[in-house]
Chemist: 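There's a structure below that I have some questions on.
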Amino acid sequence: MDSHQSSVILLLSLCSLLLISPSHAQTCTSQTFTNNALYTKCLDLPHLSSYLHWTLNAANSSLSIAFMAQPAGTNGWVAWAINPTATGMLGAQALIAFKSSAAMTVKTYNITSFASIAESKISFEVWDLSAEESGGTITLFAKLKLPGNSDIVNQVWQVGPSVTNGVPDIHAMSAANKASLSTLNLTAGQTSSTSGGLGSRTKNKNIHGILNVVSWGILFPVGAIIARYLRTFESADPAWFYLHAFCQVSAYAIGVAGWATGLRLGGQSQGIIYTDHRNIGIALFCFATVQIFALFLRPKKDHKYRFYWNIYHHGIGYTIIILGVVNLFKGYDILQPAKKWKSAYVIVLIVLGAISLLLEAITWFVVLRRKSSKSTKPHDGYNNGEDRQ
Ligand SMILES: *[C@@H]1O[C@H](CO)[C@@H](O)[C@H](O)[C@H]1NC(C)=O
Ligand SMILES: *[C@@H]1O[C@H](CO)[C@@H](O)[C@H](O)[C@H]1NC(C)=O
Ligand SMILES: *[C@@H]1O[C@H](CO)[C@@H](O)[C@H](O)[C@H]1NC(C)=O
């Protein structure tokens, strides 16, 4: 029991440590407009150095926005869109600002194809469209009637390099260009300047990333590899069990700490909701907690329920590993760390996969050899080959 208690204490102290880090401020709270427009909320969008300011009039579902971004070229364009029917570019009802014969203009586009776009009406009412450029940054102003009367909208934003004959040219396809979409909670958002710096938020994101990669991405799979392969070797019994339990309990403690930082980041992420990443994260936490209980509820090896316990323990275990890896990649897409971090993790996965394959082959070899030596010498009491839990 002692080792369980100490791991719970470790877990609690890690969590409390991470929950008392300072709050943050956003760049948008210090931005002002030359036309002196005022908005009640704002948000630093997570990609393409873009900012959204808005005022929601809930009484008649009208929204007034200012979107700021730097176009990808001197005569480029910036775009902000609501997608009422999907997430992402297809179906987006876009407002695009660019320079047209020396003056800034804003046009509307019903985006129906990745290949080309044409100016068109959009599915909701928009008015007071205008744009201005200063110091290489374009600010797009618009008022619109929210589709679906919802406070939650799917937004997409983008920057492009050039405009040819009044038609915005296709944008680059970097990771940031592809990641520039999110669910926006219009009743959340940053209202006034708060204490703390952007630095602490970046630090929290890094801590969140590292804890989760170490836990769900490395320790859980390593723990599973130990359980699956080491126990084939008689000499590794019961060491494999303690190694496995140690690995998974540490993975759980670190994973819960990483999970707590994620909830915190989610709370700080004013207005932006990463639904899939969040839901998978919550599911992972639940599964992992159930799995820790499996440790306490384990029937004896020869108990008649042990067979069912094994199915349940292995089923949830593999589910955790798959969901964990999927969610890590979703996390990489959200946080967009330098490419080398994602590559490093892919290499770790390949190495773990190769080790598993090798051990799988060795295990089969050992088990089959044991079976055949057993069938020729049935009375030597050597039954380990069949007792692979
Ligand atoms: C909603 O109300 C605001 C403030 O009263 C007004 O400026 C705006 O035009 C209204 N919008 C619509 C779509 O009626
Ligand atoms: C936008 O394009 C789609 C597909 O062609 C069409 O179904 C939809 O009615 C269009 N929306 C508007 C507002 O024109
Ligand atoms: C939107 O933000 C408000 C205010 O922070 C919050 O009360 C509400 O639960 C959020 N809605 C969703 C769907 O997250």
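Start at 1 and go down the list; that is how both ligands and their atoms are numbered.
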Chemist: When you look for heavy atoms under 4.0 Å from ligand 3, do you find them on the side chain of Ile152, its backbone, both, or neither?
Modeler: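 The answer is the side chain of Ile152.
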Chemist: Side-chain donor-acceptor pair under 3.5 Å between Asn110 and Ser120, yes or no?
Modeler: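 No, no side-chain donor-acceptor contact under 3.5 Å.
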Chemist: Does the protein put a heavy atom under 4.0 Å from atom 11 (N) of ligand 2?
Modeler: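 So far as the 4.0 Å threshold goes, atom 11 (N) of ligand 2 is in reach of a protein heavy atom.
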Chemist: Decide yes or no on ring-ring contact (aromatic ring centres under 6.0 Å, His included) for Trp216 and Phe220, but give the supporting numbers first.
Modeler: CA-CA 5 Å; Trp216 311 101; Phe220 269 116; 5.1 Å; yes
Chemist: For Phe98, which of Val163, Asn75, Ile138 qualifies under side-chain contact (heavy atoms from CB on, under 4.5 Å)?
Modeler: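 Going through Val163, Asn75, Ile138 one by one, the side-chain contact (heavy atoms from CB on, under 4.5 Å) with Phe98 is satisfied by Val163 alone.
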Chemist: Would you say Val78 and Val167 are hydrophobically clustered, going by side-chain heavy atoms of ILVMFWY under 4.5 Å?
Modeler: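 No, because Val78 and Val167 fall into different hydrophobic clusters, even though each may have its own neighbours under 4.5 Å.
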Chemist: Can you confirm whether something in the protein, heavy atoms only, sits under 4.0 Å from atom 7 (O) of ligand 2?
Modeler: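 Looking at atom 7 (O) of ligand 2, one finds that no protein heavy atom lies closer than 4.0 Å.
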Chemist: What protein heavy atom lies closest to atom 1 (C) of ligand 2? Include the residue and the distance to one decimal.
Modeler: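 Ranking protein heavy atoms by distance from atom 1 (C) of ligand 2, first comes Asn110 ND2, 1.4 Å.
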Chemist: Sort out for me which residue in Asn60, Asn57, Ile82 forms a side-chain contact (heavy atoms from CB on, under 4.5 Å) with Leu146.
Modeler: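 Exactly one pass, corresponding to Ile82.
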Chemist: Which is closest to atom 5 (O) of ligand 2 in terms of heavy atoms, Thr112, Leu90, Ile111, Ile122?
Modeler: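 Residue with the shortest heavy-atom distance to the ligand atom: Thr112.
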